[in-house]
Structure formats: structure tokens, C-alpha cells
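This report concerns only the one structure given below.
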Amino acid sequence: HDGALATLKEGLHHHPEAAELFVGLGFARLARDEFAWARSAFGHAIALDPLIRDAWVGYGQTLLVLGETDRAIQVFDRAAEGTDAEDVDVLVHIGRTLGSHGEPGVAAKYLRYAYDMAPGHPDAATGMAALLMMAGSYEEAETLLLDVLHVEPGHHEAALYLGHLY
């Protein structure tokens with residue numbers, strides 16, 4: 001992460017108005033567990049360009065790690081505004097992030113939304129299968145996972161979940 005951080009800082013030195021570089025800096029800081037710096041970088045990115053969805057997602061992740069769950073959910077809701085089928089990865093990412101931070105109910109909202117928007121998307125279908133498994137609907141989950149693996153045989157997450165079913 002040190003090399004990425006140095007490159008991003010150099011880029012910001014030459015292009016301090018580049019919101020995308022601040023997003024990259026935020027994720028680099030987040031990966032290094034430098035949460036205050038990550039929060040600041042995502043905040044700068046949002047101030048420069050409030051339409052960059054990844055900045056909102058990173059800001060939400062940072063708030064979640066800092067224990068500001070309610071505010072993080074509000075930020076994730078902002079990130080999800082106006083999403084379409086091209087943004088399914090963002091919704092799946094938000095759902096997985098919330099799920100891994102002990103918010104399965106809220107995570108389900110995003111994963112269901114992603115799946116309803118693009119049921120053929122492998123990650124959305126796998127996320128939906130995980131929800132079905134948590135709800136005890138194992139046959140439905142199995143069907144979804146087998147469909148994912150039929151379309152994308154190398155989808156490791158779907159294979160892993162399917163392995164849990166057998």
C-alpha cells in the first residue's frame with residue numbers, strides 16, 4: 001500500500017482538484033487502517049464531485065468501521081440513489097460490507113435491490129443466495145448458485161456457498 005499511497009499523493013500534488021485521486025487515497029488509507037485519514041480523503045472527494053458513487057461508498061465504509069453505523073447507512077443510501085443495472089457491483093459491495101459488520105438486515109436490502117435489478121449478475125445472484133441460506137431457503141439458494149456456476153464456472157464465492165449446502 002505504500003507505493004500506491006506515494007503515487008496517489010504525487011498525483012494529488014499535481015492535480016489537487018482530481019476527486020478520483022482522493023477516492024483512491026481514501027481506499028488506500030482504509031486498507032492501512034488509517035480511518036481518520038480515509039474519512040478526510042473521501043470527504044474531499046465528495047466535496048469536489050458529489051456524484052462519485054465510490055467516494056460515498058468509501059465514506060460509508062469508514063463510518064461503519066468507526067462505529068457510526070446509523071450515519072454509515074445514511075451515506076450508503078446516498079450512494080445507492082439513482083443506481084441502475086450498471087451499478088449492481090456498488091450495491092453488492094455495500095451489502096457485503098454491511099453484512100460483514102453485523103448488519104444483515106440492512107445488507108439484505110441492498111443485496112435484494114441488486115438482485116431485483118440484475119438477476120443474471122453473478123455477484124447479485126450469489127448475494128441473494130446467501131440471504132436465502134440465512135433464511136433457511138436452501139433449495140432456492142442451491143438453484144441460484146447452480147445457475148451462477150453454469151454461467152460462470154469459476155465463480156469462487158458461488159462455489160464456496162454451494163459447498164456449504166452439501
Side-chain angles (χ1 to χ4, degrees), residues 1 4-5 8 22-43 45-46 52-138 140-149 151-152 154-166:
H1 301 288
L5 196 58
L8 289 163
F22 277 106
V23 172
L25 181 63
F27 280 111
R29 295 288 195 186
L30 196 57
R32 293 167 52 106
D33 293 336
E34 296 172 345
F35 305 121
W37 288 108
R39 184 179 188 164
S40 175
F42 290 125
I46 290 167
I52 296 181
R53 201 173 308 281
D54 287 338
W56 289 99
V57 172
Y59 189 58
Q61 279 184 254
T62 305
L63 292 172
L64 202 57
V65 169
L66 292 171
E68 297 180 42
T69 304
D70 292 339
R71 180 72 179 120
I73 292 168
Q74 291 173 345
V75 169
F76 287 140
D77 285 343
R78 169 62 179 83
E81 286 177 9
T83 53
D84 58 27
E86 292 181 17
D87 299 313
V88 169
D89 289 330
V90 170
L91 298 171
V92 170
H93 181 82
I94 292 170
R96 287 178 176 160
T97 299
L98 286 162
S100 69
H101 283 88
E103 295 294 329
V106 184
K109 174 180 89 170
Y110 290 101
L111 293 170
R112 279 195 181 97
Y113 185 42
Y115 179 74
D116 290 345
M117 189 179 296
H121 189 285
D123 291 336
T126 302
M128 189 64 194
L131 292 175
L132 290 167
M133 289 171 64
M134 285 188 262
S137 300
Y138 301 114
E140 290 177 79
E142 179 183 23
T143 300
L144 275 178
L145 293 169
L146 289 171
D147 288 348
V148 168
L149 291 170
V151 173
E152 194 174 314
H155 197 282
H156 299 291
E157 188 179 19
L160 179 68
Y161 281 126
L162 192 61
H164 286 295
L165 288 174
Y166 295 127

Over all atoms of both residues, closest heavy-atom pair of G26 and A38: O-CB, 3.5 Å
Heavy-atom check, side chain of R53 versus side chain of T83, under 4.5 Å: yes
Rounded to the nearest 0.5 Å, how far apart are OH of Y138 and CG of L132? 11.0 Å
Give a yes-or-no answer on whether the side chains of D123 and H155 include a donor-acceptor pair shorter than 3.5 Å. yes
Does I52 reach the side chain of I46, with side-chain heavy atoms less than 4.5 Å apart? no
With rounding to the nearest 0.5 Å, note down the distance linking CD in E152 to OG1 in T126. 8.0 Å
To the nearest 0.5 Å, what is the distance between CH2 (W37) and CG (L5)? 10.0 Å
Within this structure, what is the CD-CG distance for the pair Q74 and L63, rounded to the nearest 0.5 Å? 9.5 Å
Which pair of heavy atoms, one from L165 and one from L145, lies closest together, and at what distance? CD1-CD1, 3.9 Å
W56 and Y59 aromatic ring geometry - parallel, tilted or perpendicular at 30°/60° bounds: perpendicular
Considering non-hydrogen atoms only, spot the tightest contact between V23 and A55 and give its length. CG2-CB, 3.6 Å
What I'd like to find out is whether the side chain of Q61 reaches to under 4.5 Å of the side chain of V75, using heavy atoms alone. no
Looking only at heavy atoms, which two atoms of A79 and I94 are closest? And how far apart? CB-CD1, 4.1 Å
Contact between Y110 and H93 at the side-chain level, heavy atoms closer than 4.5 Å - yes or no? no
For P122, the option from V148, V92, L144 that meets side-chain contact (heavy atoms from CB on, under 4.5 Å): V148
Counting only N and O atoms by type, is there a donor-acceptor contact under 3.5 Å from the side chain of T62 to the main-chain atoms of G58? yes
Interatomic distance, E86 atom CD to H121 atom NE2 [nearest 0.5 angstrom]: 11.0 Å
Just so I know, are the side chains of L64 and F76 near enough to count as touching, which here means a heavy-atom distance under 4.5 Å? yes
Min side-chain heavy-atom separation L131-M134 under 4.5 Å: yes
For Y113 and A80, the nearest pair of non-hydrogen atoms, with its separation, is CE2-O, 4.5 Å
Nearest-0.5 Å distance, CZ of residue F42 to CG of residue L25: 8.5 Å
Residue pair L98 / I73, side-chain heavy-atom distance below 4.5 Å: yes
Restricting to non-hydrogen atoms, name the atom on A129 and the atom on A141 that form the minimum distance, rounded to 0.1 Å. O-CB, 3.5 Å
Is D116 close to M128 at the side-chain level, that is, under 4.5 Å between some pair of heavy atoms? no
